[in-house]
Amino acid sequence: PVAQKRPNELGIFDMSGNTWEWCQDWFGTYPSEPQINPQGSETTQYFKILRGGSWNYVLSGCRLGDRSYFSPESRLNDFGFRVMMEDAPGVNNNQPDAPVQPKAPVKKGGKS
């Protein structure tokens, strides 16, 4: 079941600690001045950023701020990505959907 734990810092459920999440950003050292959405180095584009830790990582590293980097061609069983979209207007994004109730099986043949 989804949303069994609190949402992360961005209000998203079940994100941190599931798989390392590939990011669009290239690896680069952070400058000393404050940054908003740093994209990484424009000159040394060898490694892509992964964030969030995984089921195969230490607990203290399963947070949004934790990052690693690998070649974009790297494949491991705890690397992944998340496809996201915005909900329709008026939908409460911080509440899980109600569980879907299974329908009763349809009887075939015979009298009902």
For this session: To the nearest 0.5 angstrom, please state how far the CZ atom of Phe27 sits from the CZ atom of Phe47.
Result: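 If we round to the nearest 0.5 Å, Phe27:CZ and Phe47:CZ are 8.5 Å apart.
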For this session: Check side-chain contact (heavy atoms from CB on, under 4.5 Å) between Asp78 and all other residues, then give those that pass, not counting sequence neighbours.
Result: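 So Asp78 forms a side-chain contact (heavy atoms from CB on, under 4.5 Å) with Trp20, Ser54, Trp55, Asn56, Leu76.
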Problem set entry | Partners meeting side-chain contact (heavy atoms from CB on, under 4.5 Å) with Glu73 (sequence neighbours left out) |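 Counting only residues at least two positions away or on another chain, Glu73 forms a side-chain contact (heavy atoms from CB on, under 4.5 Å) with Ser71.
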Exercise. Would you say Gln24 has more than 12 foreign heavy atoms packed within less than 6.0 Å of its CD?
Worked result: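 No - once you tally the heavy atoms of other residues, nucleotides and ligands closer than 6.0 Å, there are 12 at most.
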Problem set entry | Sub-4.5 Å side-chain heavy-atom contact between Lys48 and Trp26 |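 The answer is yes, as the side chains (C-beta and beyond) meet within the 4.5 Å cut-off.
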Exercise. Partners of Phe70 by ring pair (Phe, Tyr, Trp, His ring centres under 6.0 Å), sequence neighbours excluded?
Worked result: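 Ring pair (Phe, Tyr, Trp, His ring centres under 6.0 Å) check on Phe70 returns Phe79.
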Exercise. Residues in side-chain hydrogen bond (donor to acceptor under 3.5 Å, both in side chains) with Arg67, at least two apart?
Worked result: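 If we apply the side-chain hydrogen bond (donor to acceptor under 3.5 Å, both in side chains) test to Arg67, skipping adjacent residues, there are no hits.
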